[in-house]
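Data first, discussion second: the structure below is written as C-alpha cells.
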Amino acid sequence: RVVNFESSPLFYIAILDLRKRCNMSIVQRVKAIADEQTKDTVYSLYDVEYVKEGSEFFLRIYFDKDGGLTLDDCVLLSEKLAEELDKEDFISDKYYLEVSSPGIERELRNLEEVIDSIGKHVYIKTYEKIDNQKEFYGDILGVEDQEIIIEYKDKARIKKSKISYEKIAKIRLAVKF
C-alpha cells in the first residue's frame, strides 16, 4: 500500500517547522556576517529579519549609530552586505535586501536597552492599570531593581511613577511634541 505523505497534515507541519528552522539559521548567519562587517566601525547591528510577505522574501537588516543613520550609511552598508551575501550564497530563495535604521520610535527590547534610554521620551503600554492608566508617554528618569521610573504629564500635572518591567506589554522610544 502506498501512502501519500504530501497530503498528510503532519507532513505539512513538518515542512513548516523545517522552513522556520532554515529561516532561523539564515538570520543567524546574516547576523554573524553583519557583525563582522561592522566590527570596529561606528555602526552597530540592531536586528535581522528574514520574512515571506505574499510570494516575496525580504531580508531586513537594521543598523544604528550614534546620531542615527543617514541614507549614505544605508547605501554603504547595503553594498558591503550584498557583496558578502553574494560571495557566501547560502540563501536559496530569491529575496529583497533592505538595510535601514530601526527608526526613531524603535522598540526597547530588553531592560538593558531601557537603561541605555534613561533621559529619553518613551511610550509605555502596561498589561494592567498603574495609577489608573495603561498607557504612558513620558521621560525615563531611571531604573531601579527592574522598575522603570517615568515622569509623565497627566492632564496639566506632572507625575512620577514606578513601573515594574514585567508589567510592561510594550515600550518604545517616542517623539516628544
Side-chain angles (χ1 to χ4, degrees), residues 23-24 26-28 30-35 37-54 56-82 85 95-177:
N23 289 352
M24 196 57 138
I26 287 171
V27 167
Q28 290 167 344
V30 171
K31 281 183 179 181
I33 290 167
D35 278 335
Q37 291 286 316
T38 57
K39 187 170 65 174
D40 301 325
T41 69
V42 296
Y43 306 108
S44 62
L45 178 64
Y46 179 81
D47 202 5
V48 174
E49 297 176 343
Y50 185 65
V51 295
K52 184 174 184 184
E53 295 177 1
E56 308 287 343
F57 286 90
F58 294 86
L59 176 59
R60 295 186 176 116
I61 308 173
Y62 302 94
F63 290 97
D64 203 7
K65 76 172 188 182
D66 287 340
L69 287 185
T70 66
L71 184 57
D72 289 339
D73 293 326
C74 291
V75 169
L76 174 74
L77 290 164
S78 180
E79 288 172 352
K80 286 176 69 174
L81 284 165
L85 289 168
Y95 65 92
Y96 293 95
L97 174 63
E98 296 179 354
V99 174
S100 71
S101 78
I104 197 164
E105 291 192 333
R106 79 191 65 190
E107 183 179 349
L108 302 178
R109 301 168 297 177
N110 54 51
L111 194 57
E112 184 178 310
E113 289 183 9
V114 173
I115 291 168
D116 290 342
S117 299
I118 290 173
K120 294 186 178 171
H121 196 69
V122 295
Y123 163 78
I124 298 175
K125 183 174 185 170
T126 59
Y127 291 113
E128 56 193 49
K129 286 188 176 185
I130 297 170
D131 292 339
N132 216 23
Q133 61 189 62
K134 289 178 76 171
E135 294 184 304
F136 300 83
Y137 281 94
D139 299 324
I140 299 175
L141 299 179
V143 177
E144 295 175 358
D145 300 324
Q146 305 268 324
E147 288 189 320
I148 298 166
I149 304 162
I150 184 170
E151 183 178 79
Y152 62 98
K153 200 171 193 178
D154 183 18
K155 297 181 182 161
R157 295 183 8 211
I158 302 290
K159 290 186 171 183
K160 289 183 188 174
S161 282
K162 285 187 178 182
I163 303 172
S164 174
Y165 185 71
E166 66 187 24
K167 292 183 180 181
I168 293 175
K170 181 177 185 166
I171 182 170
R172 64 170 170 76
L173 296 179
V175 177
K176 193 173 191 173
F177 293 102

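FYI, the numbering just counts along the sequence from 1. If you're wondering where the values come from, they're calculated on a predicted model, not measured in any experiment.
Side-chain contact between Ile149 and Ile140 is absent, with no heavy atoms from C-beta onward closer than 4.5 Å. Residues Thr41 and Thr38 have side chains in contact (heavy-atom distance under 4.5 Å, counting atoms from C-beta outward). In this structure the side chain of Ile130 never reaches within 4.5 angstrom of the side chain of Lys134, judged on heavy atoms. With contacts defined as side-chain heavy-atom distances shorter than 4.5 Å, the pair Glu49/Glu98 does not qualify. Contact annotation: the side chain of Tyr50 approaches that of Phe57 to within less than 4.5 Å [non-hydrogen atoms, C-beta and beyond]. Side-chain contact between Ile171 and Ile148 is present, with heavy atoms from C-beta onward closer than 4.5 Å.
Summarising the geometry, atom NZ belonging to Lys170 is positioned 11.5 Å from atom OH belonging to Tyr127; distances are rounded to the nearest 0.5 Å. Atom-to-atom distance recorded for Lys65:NZ and Ser101:OG is 11.0 Å, nearest 0.5 angstrom. Between the CD atom in Gln146 and the CG atom in Leu111 there is a gap of 5.0 Å [rounded to 0.5 Å]. One distance of note links OH of Tyr137 with CG of Asp154; it measures 14.5 Å at 0.5 Å rounding. Summarising the geometry, atom OH belonging to Tyr62 is positioned 13.0 Å from atom CG belonging to Asp64; distances are rounded to the nearest 0.5 Å. In this structure, the separation between CD on Gln28 and CD1 on Ile33 is 12.0 Å, given to the nearest 0.5 Å.
Remark: the backbone N or O of Lys159 is not paired with any side-chain donor or acceptor of Glu151 at under 3.5 angstrom. Using a distance-only test at 3.5 Å, with no hydrogens or angles considered, no donor-acceptor pair links the side chain of Thr126 to the main chain of Lys129. Looking at Ser161, its side chain never comes within 3.5 Å of a backbone N or O of Ile163 through a donor-acceptor pair. The closest donor-acceptor contact from the side chain of Ser78 to the backbone of Val75 lies at 3.5 Å or more, if one exists at all.
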Show me the donor-acceptor pairs within less than 3.5 Å that the side chains of residues 118-125 make with the rest of the protein, sequence neighbours left out.
| residue | atom | partner | partner atom | Å |
| --- | --- | --- | --- | --- |
| His121 | ND1 | Gly138 | O | 3.4 |
| His121 | ND1 | Asp139 | OD1 | 2.9 |
| Tyr123 | OH | Glu135 | OE2 | 2.4 |

Asp116/Leu108 under side-chain contact (heavy atoms from CB on, under 4.5 Å): CA gap, chis, key distance, verdict
CA-CA 9 Å; Asp116 290 342; Leu108 302 178; over 6 Å; no

Does the pair Ile26 and Tyr95 meet the rule for a side-chain contact (heavy atoms from CB on, under 4.5 Å), with working shown?
CA-CA 12 Å; Ile26 287 171; Tyr95 65 92; over 6 Å; no

Under the side-chain contact (heavy atoms from CB on, under 4.5 Å) criterion, do Val175 and Glu105 qualify, and how do the steps go?
CA-CA 7 Å; Val175 177; Glu105 291 192 333; 3.6 Å; yes

Candidate pair Arg109 and Tyr46, rule side-chain contact (heavy atoms from CB on, under 4.5 Å), full reasoning:
CA-CA 10 Å; Arg109 301 168 297 177; Tyr46 179 81; 3.5 Å; yes

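Evaluated for a side chain to side chain contact (heavy atoms under 4.5 Å, CB included) with Phe63, the options Asp73, Leu69, Val42 yield exactly one hit, Leu69.
Minimum interatomic distance between Val48 and Leu45 (heavy atoms only, all atoms of both residues): CG2-CD1, 3.9 Å. The minimum heavy-atom distance between Asn110 and Tyr165, with the atom names listed, is CA-OH, 3.1 Å. Across Asp131 and Lys160, no two heavy atoms sit closer than the pair OD2-O, 4.4 Å.
With sequence neighbours left out, Glu128 forms a salt bridge (charged side-chain N to carboxylate O under 4.0 Å, His left out) with Lys167. The salt bridge (charged side-chain N to carboxylate O under 4.0 Å, His left out) test applied to Glu53 returns Arg60, not counting sequence neighbours.
Note on Glu113 versus Arg106: no salt bridge recorded, every NZ/NE/NH1/NH2 to OD/OE distance being 4.0 Å or above.
No more than 12 heavy atoms of other residues, nucleotides or ligands shown are found within 6.0 angstrom of CD1 on Ile104.
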